[in-house]
There are 2 protein chains.
Amino acid sequence: MVERIELTDEQMDRIFHALSQSTRRDMLRRTLEGERSVSELAREYDMSFAAVHKHVSVLERAELVVKRVAGRERRIRANPDMIARTRTLLAQYEAMWRARIARLDELLAEEPNPSDSNAPA
Amino acid sequence: MVERIELTDEQMDRIFHALSQSTRRDMLRRTLEGERSVSELAREYDMSFAAVHKHVSVLERAELVVKRVAGRERRIRANPDMIARTRTLLAQYEAMWRARIARLDELLAEEPNPSDSNAPA
DNA sequence: ATAACGTATAACCAAATGGTTGAACGAATC
DNA sequence: GATTCGTTCAACCATTTGGTTATACGTTAT
């Protein structure tokens, strides 16, 4: 049973772009360990609050994290579903590879007597 | 048995960056289906040869494809190992999530008689 | 040898990215 | 009410990215 994943090209662009910098991967890891506010997160990096805010926005647009309003805070937590879907996407690429290998094996395994009339026997 | 993957931050940067554009994901898919030269690949896109060459270079630096010299041609094929390693990396993120959930469950399952002296009974 | 082909690379340009500071605004606290 | 805190956003800047055209160079074919 193959899971169908629904991700548009634009979503994949945003996801992979969001993951393409170690700072954002680190933020994803931290918010995976536990929810925190934007300013709590910002204190963990040697970077302006605005810069951290921008990184969070990139992760948010990719739907890798979600934001929850709590008073004056915005609390951020990772969205493991999106990570799972991305992993599944890569698994599909690998499946294409395996399918190709399977086709090649099939061709090699075929007896050398194809249906055209110059069969050796 | 958890597979250990060895990818530096810079490698991950390059991999996710390479995957962050649908043109390059498409190139990866095509070279996964079958090896082809750079100019063969270039003919499949509405883009200059130089532009395709640059995209291939991005995929190559990420080690998502490998290049093989064949006469005057450079033949490109996908490197499914790198895709697998990236998938495994994402699986590790998910594992962190599950570990956190497990810890929470453990806490909730704990009987409400902690070692401090204000236990209700 | 010459021409054609495949590739690499340089120079250039517009747009996006990743950082900064500063201003504005609602929510919480004094 | 005034202040502080958390957030958002705009303006700015340097660098990177993704495209172009043009040039150079090795390989194959005529």
Side-chain angles (χ1 to χ4, degrees), chain A residues 8-31 34-79, chain B residues 8-31 34-79:
Chain A
T8 67
D9 269 2
E10 287 73 22
Q11 278 181 304
M12 296 182 218
D13 288 2
R14 285 192 288 267
I15 292 171
F16 286 121
H17 169 67
L19 293 173
S20 73
Q21 215 173 323
S22 68
T23 300
R24 285 193 293 261
R25 289 193 301 274
D26 191 70
M27 288 177 176
L28 186 59
R29 246 177 268 125
R30 288 175 196 246
T31 55
E35 186 184 75
R36 62 201 69 196
S37 72
V38 183
S39 49
E40 281 168 355
L41 190 61
R43 278 181 223 112
E44 308 183 36
Y45 296 93
D46 184 24
M47 198 184 303
S48 70
F49 175 84
V52 171
H53 184 267
K54 280 193 188 181
H55 282 303
V56 169
S57 297
V58 170
L59 287 164
E60 207 184 354
R61 268 182 296 145
E63 296 173 73
L64 286 166
V65 303
V66 295
K67 210 181 258 184
R68 181 174 71 81
V69 176
R72 64 184 166 186
E73 293 189 338
R74 304 291 185 275
R75 301 192 66 81
I76 311 296
R77 64 169 187 280
N79 176 14
Chain B
T8 67
D9 269 2
E10 288 73 22
Q11 279 181 304
M12 295 182 217
D13 289 1
R14 285 191 289 266
I15 291 171
F16 286 121
H17 169 66
L19 292 173
S20 72
Q21 213 173 324
S22 68
T23 301
R24 285 192 293 261
R25 289 193 300 274
D26 190 71
M27 288 177 176
L28 185 60
R29 245 178 269 124
R30 289 176 196 245
T31 55
E35 186 184 75
R36 63 201 69 197
S37 72
V38 183
S39 51
E40 281 168 355
L41 189 61
R43 278 182 222 110
E44 309 183 36
Y45 296 93
D46 183 24
M47 200 185 300
S48 70
F49 174 84
V52 171
H53 184 268
K54 280 193 189 181
H55 282 302
V56 170
S57 297
V58 170
L59 287 165
E60 207 184 355
R61 269 182 294 143
E63 296 173 73
L64 286 165
V65 303
V66 295
K67 210 181 260 184
R68 181 174 71 82
V69 176
R72 65 182 165 188
E73 292 188 337
R74 303 291 185 277
R75 301 192 66 82
I76 310 296
R77 64 169 188 281
N79 176 14

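In what follows, every chain begins at residue 1, and chains take the letters A, B, ... in the order their sequences are listed. Values below: all heavy atoms of this structure, side chains included; hydrogens, waters and symmetry mates excluded.
- Atom NZ of residue B:K67 and atom CG of residue B:L59 lie 10.5 Å apart, to the nearest 0.5 angstrom.
- Residue contacts shown for A:T23 are absent, as no nucleic acid heavy atom lies under 4.0 Å away.
- Rounded to an integer number of Å, the gap from CG of B:L59 to P of D:dT17 is 14 Å.
- Checked against D:dT7, D:dG19, C:dA8, the side chain of A:R74 finds its nearest nucleotide in D:dT7.
- B:L19 approaches B:R25 most closely through the heavy-atom pair O-NH1, 2.7 Å.
- Minimum atom distance to the side chain of A:A50 is reached by D:dC9, of the listed D:dG6, C:dG18, D:dC9.
- As rounded to whole Å, 14 Å separates atom P of D:dT16 from atom NZ of B:K54.
- Atom CZ in A:R61 sits about 9 Å away from atom P in C:dG18, given to the nearest Å.
- Side-chain N/O atoms of B:K67 include one lying less than 4.0 angstrom from OP1 or OP2 on C:dA8.
- Closest contact between the side chain of B:H53 and the listed nucleotides C:dG22, C:dG19, C:dA8 involves C:dA8.
- Taking the nucleotide of DNA chain C with the nearest heavy atom to each of B:R43 and A:M47, the more 5' of the two is matched to B:R43.
- In this structure, B:F49 places its CZ atom 15 Å from P of D:dG19, rounding to the nearest Å.
- Between B:L28 and B:L64, the shortest heavy-atom contact is CD1-O, 3.5 Å.
- The distance between atom CG of B:L41 and atom P of C:dG6, rounded to the nearest whole Å, is 13 Å.
- Under the salt bridge (charged side-chain N to carboxylate O under 4.0 Å, His left out) test applied with B:E35, the options B:R68, B:R30, B:R74 reduce to a single match, B:R68.
- OP1 and OP2 of D:dT16 both lie 4.0 Å or more from every side-chain N or O belonging to A:Q21.
- For the pair A:R24 and B:F16, the cation does not sit on the ring face, since its NZ or CZ is not both under 6.0 Å from the ring centre and inside 45° of the axis.
- Within 4.0 Å of B:R24, counting heavy atoms only, lie sugar-phosphate atoms of the nucleic acid but no base atom.
- We find that CZ of A:F16 is positioned 16 Å from P of C:dT17, with the value rounded to whole Å.
- Straight-line distance from the CZ atom of B:R75 to the P atom of D:dT27: 17 Å, rounded to whole Å.
- Closest heavy-atom contact between A:V52 and A:M27: CG1-CE, 3.8 Å.
- Residue contacts for A:S37: at a heavy-atom cut-off of 4.0 Å it reaches the sugar-phosphate backbone alone, with no base atom in range.
- Listed nucleotides: D:dA22, C:dT7, D:dT7. Nearest to the side chain of A:E73: D:dT7.
- In this structure, of C:dG19, D:dT27, C:dT20, it is C:dG19 that holds the atom nearest to the side chain of A:H55.
- Straight-line distance from the CD atom of B:E40 to the C1' atom of C:dC5: 12 Å, rounded to whole Å.
- Across all strands, A:S39 comes closer than 4.0 Å only to sugar-phosphate atoms, never to a base (heavy-atom distances).
- For B:H17, whose side chain is taken as the heavy atoms from C-beta onward, the closest listed nucleotide among C:dG6, D:dG6, D:dG18 is D:dG18.
- Closest to the B:R72 side chain, of the nucleotides C:dA4, C:dG19, C:dA8, is C:dA4.
- Contact annotation: B:S48 reaches the phosphate of D:dT20 (side-chain N/O to OP1 or OP2, under 4.0 Å).
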